[in-house]
There are 2 protein chains.
Amino acid sequence: MISIRVMQLGEGVEWALHCCSLLAVLPDDRALPASSLAEFHGVPGAYLAKHLQALSQAGILEAVPGRRGGYGLGRPADEITLLEVVEAIEGDAGAFRCTEIRRRGPTASPAGVYSHTCAIAVAMSRADVAWRAELSRQTISTLLAELGASISPVVVGKTAAWIQEAAR
Amino acid sequence: MISIRVMQLGEGVEWALHCCSLLAVLPDDRALPASSLAEFHGVPGAYLAKHLQALSQAGILEAVPGRRGGYGLGRPADEITLLEVVEAIEGDAGAFRCTEIRRRGPTASPAGVYSHTCAIAVAMSRADVAWRAELSRQTISTLLAELGASISPVVVGKTAAWIQEAAR
């Protein structure tokens, strides 16, 4: 039985984009602790904490230390692309990994024969470039505008009330 | 310890694209058995066989039955896009899976409130569309042209000699 892996992003990307969107609507100079971000999104705190640290290391979030500390955006929402968020969580490796099978089998030849990158890897990398280009065209700011146009006023009201209580 | 999955295609995609490229340069009315395709690429026969079956089910390859049977392309190389090959192996699910975390936590609301697709899923799906569009612009035929321009004459010669022996 063969196991076919399906190309898939980890759930951390979904969590990270939701967290960035929520932090983008915090009042100025307010922060949310990791535990509140986990509570709001109903996700495991320990797992989310790792992703928040990765976002912080990438400069996407800013960790405010101390008793009233927590996370805020590390820079304006229109200066954070979706690609930056995705790469902070998933890294920047392309979806296609060339394992150089062209060097195996009956045509195997000395290394110098393979000086050009395999054309199959080149062809697949074009799709990665297109994927990343589309993500880099979008920012947390453009995402917020679309969230604002699609979220029910009921949820907006509940979110605002929750932020009032939870933000430090 | 969190396990961060990296978005990655399975090795079956690499194998499939190499197999299609090789089958595209077979003389007319010749075929290669699965075992020869595995030998040429130095990959496990049983694993490769599953992928070849998937390509065959998608109409990308044609399985010729009988003692002199094997695989050939199911249609002309310029009518097989890289996207079709990738989707035959990996399926057509997008890289981003929305798990609807927006419905959890303190803002959880009745289902009717979430009639719009989450804007985060919409934003991520744009990147998938771009990825698939780029793969659908490329065919086994365009790939062959690039392989031809990048493969060493040494390997071309060894491949031609091997095909003479192996093709049925």
Side-chain angles (χ1 to χ4, degrees), chain A residues 2 4-15 17-18 21 39-43 47 50 82 89-91 93 95-99 101-102 104-107 109 113-114 116-120 122-124 126-128 130-131 133-135 138 143 146-147 149-150 152 154-155 158-159 162, chain B residues 2 4-15 17-18 21 39-43 47 50 82 89-91 93 95-99 101-102 104-107 109 113-114 116-120 122-124 126-128 130-131 133-135 138 143 146-147 149-150 152 154-155 158-159 162:
Chain A
I2 188 169
I4 297 184
R5 277 176 302 179
V6 172
M7 181 183 71
Q8 197 181 347
L9 292 163
E11 59 198 352
V13 170
E14 182 186 19
W15 300 0
L17 290 171
H18 275 280
S21 303
E39 177 206 342
F40 184 84
H41 296 108
V43 300
Y47 279 21
K50 291 281 183 184
L82 301 201
I89 301 296
E90 293 272 333
F96 180 81
R97 305 285 176 94
C98 173
T99 66
I101 66 171
R102 63 176 175 164
R104 305 182 196 165
T107 68
S109 303
V113 161
Y114 304 103
H116 287 81
T117 303
C118 181
I120 289 175
V122 172
M124 292 299 296
R126 291 188 186 112
D128 263 316
W131 190 80
E134 182 55 46
L135 289 181
Q138 303 181 74
L143 183 57
E146 295 177 340
L147 281 164
S150 63
S152 148
V154 175
V155 174
K158 286 182 179 179
T159 301
W162 180 86
Chain B
I2 187 169
I4 298 185
R5 277 176 304 178
V6 172
M7 180 184 72
Q8 196 181 347
L9 293 162
E11 57 198 354
V13 170
E14 182 185 19
W15 300 0
L17 290 171
H18 275 280
S21 303
E39 177 207 343
F40 184 84
H41 295 108
V43 301
Y47 280 21
K50 292 282 183 182
L82 300 201
I89 302 295
E90 293 271 334
F96 180 81
R97 303 286 177 93
C98 174
T99 66
I101 65 171
R102 63 177 176 166
R104 306 180 195 166
T107 68
S109 302
V113 161
Y114 304 103
H116 287 83
T117 303
C118 180
I120 288 176
V122 172
M124 292 300 296
R126 290 187 187 113
D128 263 317
W131 189 80
E134 182 55 45
L135 289 180
Q138 303 181 74
L143 184 57
E146 296 178 339
L147 281 165
S150 64
S152 149
V154 175
V155 174
K158 287 182 178 177
T159 302
W162 180 87

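Treat the numbers as computed from the prediction; the structure is a model and nothing was measured. In what follows, every chain begins at residue 1, and chains take the letters A, B, ... in the order their sequences are listed.
- Scanning all heavy atoms of the two residues, the minimum distance from A/Glu39 to B/Pro106 falls at O-CD, 3.5 Å.
- The structure places CG of B/Leu143 at 5.0 Å from CD1 of A/Ile120, a figure rounded to the nearest 0.5 Å.
- Counting heavy-atom pairs closer than 4.5 Å to chain A, the top-ranked of the candidates B/Leu82, B/Leu147, B/Thr117 is B/Leu147.
- One distance of note links CG of B/Leu17 with CE of A/Met124; it measures 6.0 Å at 0.5 Å rounding.
- Applying the side chain to side chain donor-acceptor pair (under 3.5 Å) criterion to A/Thr99, with sequence neighbours excluded, gives B/Glu14.
- The CH2 atom of B/Trp162 sits 9.5 Å away from the OG1 atom of A/Thr107 when rounded to the nearest 0.5 Å.
- When heavy atoms are compared at a cutoff of 4.5 Å, B/Gln138 approaches chain A solely by way of its side chain, counted from C-beta outward.
- Note that CZ of A/Arg102 is 12.0 Å distant from CZ of B/Phe40, once rounded to the nearest 0.5 Å.
- Residue with the most contacts toward chain A among B/Gly12, B/Gly105, B/Ala127, B/Ser150: B/Ala127 (heavy-atom pairs, distance under 4.5 Å).
- For the salt bridge (charged side-chain N to carboxylate O under 4.0 Å, His left out) test, no residue two or more places apart in sequence or in another chain qualifies with A/Arg104.
- Top candidate by heavy-atom pairs under 4.5 Å with chain A, chosen from B/Glu146, B/His41, B/Arg126, B/His116, is B/Arg126.
- The minimum heavy-atom distance linking B/Val155 with A/Val113 is given by the pair CG2-CG1, 3.4 Å.
- Proximity to chain B involves both the backbone and the side chain of A/Cys98, based on heavy atoms less than 4.5 angstrom apart.
- No other option in B/Ala95, B/Ala123, B/Ser152, B/Gly42 has as many heavy-atom pairs under 4.5 Å with chain A as B/Ala95.
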